[in-house]
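All values reported here derive from a predicted model rather than from experimental measurement. Labels below follow one simple rule: chain letters A, B, ... track the order of the sequence lines, proteins then strands, and each chain is numbered from 1.
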Number of protein chains: 2
Amino acid sequence: MAARGGVRAEQRAQTRRVLLRESRRLFASRGYGAVGLAEIVRASGVTKGALYHHFDGKADLFRAVLEEAQQEVGRRVAEAAERHPDPWDQLTAGCREFLAASTDPELQRIMLVDGPAVLGWSEWRAMDEAASARHLTEALAELVAAGVVAPQPVAPLAHLLSGAMNEAALWLAADAGPGDLADTWAALERMLDALRATPAAAPRV
Amino acid sequence: MAARGGVRAEQRAQTRRVLLRESRRLFASRGYGAVGLAEIVRASGVTKGALYHHFDGKADLFRAVLEEAQQEVGRRVAEAAERHPDPWDQLTAGCREFLAASTDPELQRIMLVDGPAVLGWSEWRAMDEAASARHLTEALAELVAAGVVAPQPVAPLAHLLSGAMNEAALWLAADAGPGDLADTWAALERMLDALRATPAAAPRV
DNA sequence: CCTTTCGCGTACCATCGGTATGTCAAAACC
DNA sequence: GGTTTTGACATACCGATGGTACGCGAAAGG
């Protein structure tokens, strides 16, 4: 009579959720290298046998945590962008939301610091692209197609902007001055504005 | 009669140099986490006793390697900038040199990927600031003072640009398309140019 | 019922970073 | 120049870590 999937599958999903939640909390607070599997399974109320039944190892567990976090941020960015009809407003709103979301210290260390080091930059980049950076690339491509932004390869632009926002988020979370967020956003907005102020005076759409 | 410092100090310096050279090579090629102390000391022709006599541990050895690499890049950036009398040319030349230097795969993993994860972002940032990012901050401050760049806090700007260049360097080294470097530099130069195209039409110096 | 499956616990292992101590030659001293 | 001291290592060892092999017991399937 148990819920859909049987009591068996429910317990399995429950264990996996707890493992992800606790390891995410520990990885975020003390970093991947400083957290041992023993501590994770103790906090989760299970044993290493359970962990290795769900994941291929410590790095694979981290990968699952990272993917979850990235998709949360990607969803937030997409939702913020969708609230605006104009493509340009979608870009700026998405960037603003990304900056806000990435400043969360609970996500930051996992997404921006340990992610590339644990999985390697290429894999981290592919995951980030699939989850959130994709929205940036698509928004830029759309603006180029509409003539709002000067014709140019969007990939380099997307990487430059993505890197700029990642570093800015890390700085804001670490050195947290009162007006720093506003100053950073102002500087970033100037950079974005420069994209559409082309010498050929491209028409607004 | 031995050279300055005695045969004793010479041997010590030699051992330290070998340790730094081999660990740097191994860290660069396979990453901090995947390289064990046993492999480092074997490649260096010494034992763990020697390593722990020179460094406080694995992280401290990595710190020394990172510092060396960062100062090399910082020196290259400074030299490239000093070849130009005009402050604006100094900025662009420095950025261009940084991009070129950071694309080296031998330095990249240590400086941009493992650095923040092993030492923590704050310490990594402080070291990077002292070695190379300082030049960026100083150049921007000078341009603001000269009225070339619109008056604004330089710290957010420096972080945005630094992050943009770091990410671009990682992308270029990984996905290495033929025209990507030129495209990236063109996009970055447009960003920089936007800084001096202020609505108030600031005078060139 | 009886068998199979599978989610997980237990026991164990190799290797890791790190430490304590020994050793022997260069330096310092008288 | 003999003695003592210093210091740059090597050796031996330790606890903890990530990872593996295997056992168990309850749910799923017939």
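For the pair Glu10(B) CD and dG7(D) C1', the interatomic distance rounds to 16 Å; values are reported in whole Å. Rounded to whole Å, atom C1' of dG18(C) lies 16 Å from atom CZ of Phe55(B). Between the CZ atom of Arg8(A) and the P atom of dT4(C) there is a distance of 17 Å, rounded to whole Å. Rounded to an integer number of Å, the gap from Leu61(A) CG to dT17(D) P is 16 Å. Atom CG of Asp60(B) and atom P of dG17(C) are 15 Å apart (whole Å). Remark: P of dG25(D) and CD of Gln11(A) are 18 Å apart, rounded to the nearest angstrom.
Shortest non-hydrogen contact noted between Leu107(B) and Ala101(B) is CD1-O, 3.9 Å.
Here the side chain of Tyr52(B) is nearest to one of dG18(C), dC6(C), dA27(C), namely dG18(C). Picking from dG17(C), dG19(D), dA26(C) the nucleotide with the shortest atom distance to the side chain of Lys58(A) gives dG19(D).
Distances shorter than 4.0 Å separate none of the side-chain N or O atoms of His53(B) from OP1 or OP2 on dC9(D). Between Thr15(B) and dA8(D), a side-chain N or O to OP1/OP2 separation shorter than 4.0 Å is absent. Look at Arg12(A) and you'll find a side-chain N or O under 4.0 angstrom from OP1 or OP2 of dG7(C).
The pair Glu97(B)-Arg76(B) counts as a salt bridge, with a side-chain nitrogen and a carboxylate oxygen less than 4.0 angstrom apart. Ionic pairing of Glu72(A) and Arg24(A) is present here: one or more N-O contacts between side-chain nitrogen and carboxylate oxygen are shorter than 4.0 angstrom. Contact check on Glu167(B) versus Arg125(A) returns a salt bridge, with a Lys/Arg side-chain nitrogen under 4.0 Å from an Asp/Glu carboxylate oxygen. One finds a salt bridge joining Arg30(B) and Glu39(B) here, because a Lys/Arg side-chain nitrogen approaches an Asp/Glu carboxylate oxygen to under 4.0 Å. Comment: Glu10(B) engages Arg17(B) in a salt bridge, judged by a side-chain N to carboxylate O separation of less than 4.0 angstrom.
The CZ atom of Arg96(B) sits 11.5 Å away from atom CG of Leu91(B), with the distance rounded to the nearest 0.5 Å. Put simply, OG1 on Thr92(B) and CG on Leu188(B) are 9.5 Å apart, with the number rounded to the nearest 0.5 Å. Atom CG of Leu136(B) and atom CG of Asp128(B) lie 9.5 Å apart (nearest 0.5 Å).
Where His54(A) and Leu37(B) each meet DNA chain C at their nearest nucleotide, the meeting point lying more 5' is that of His54(A).
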Filtered N/O pairs between nucleotides 28-30 of chain C and protein, under 3.5 Å:
none

All N/O contacts under 3.5 Å from nucleotides 9-14 of chain C to the protein, with atom names and distances to one decimal?
{"from": "dG9(C)", "atom 1": "OP2", "to": "Thr47(A)", "atom 2": "N", "distance (Å)": "2.9"}
{"from": "dG9(C)", "atom 1": "OP2", "to": "Thr47(A)", "atom 2": "OG1", "distance (Å)": "2.6"}
{"from": "dG9(C)", "atom 1": "O5'", "to": "Thr47(A)", "atom 2": "OG1", "distance (Å)": "3.3"}

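Using a 4.0 Å heavy-atom criterion, one finds that Val35(B) contacts the sugar-phosphate atoms exclusively.
Side chain of Glu67(A) to main chain of Met127(A): no donor-acceptor pair is present (N/O by atom type, distance under 3.5 Å, no hydrogens or angles). In this structure, the side chain of Lys58(B) does not engage the main chain of Gly36(B) through any donor-acceptor pair within 3.5 Å. One N or O on the side chain of His135(B) and one on the backbone of Ser132(B) form a donor-acceptor pair closer than 3.5 Å.
Taking the screw axis at each terminus of the helix from dC1(C)-dG30(D) to dC30(C)-dG1(D) from five consecutive base pairs, the angle between the two is 10° to within rounding of 10 degrees.
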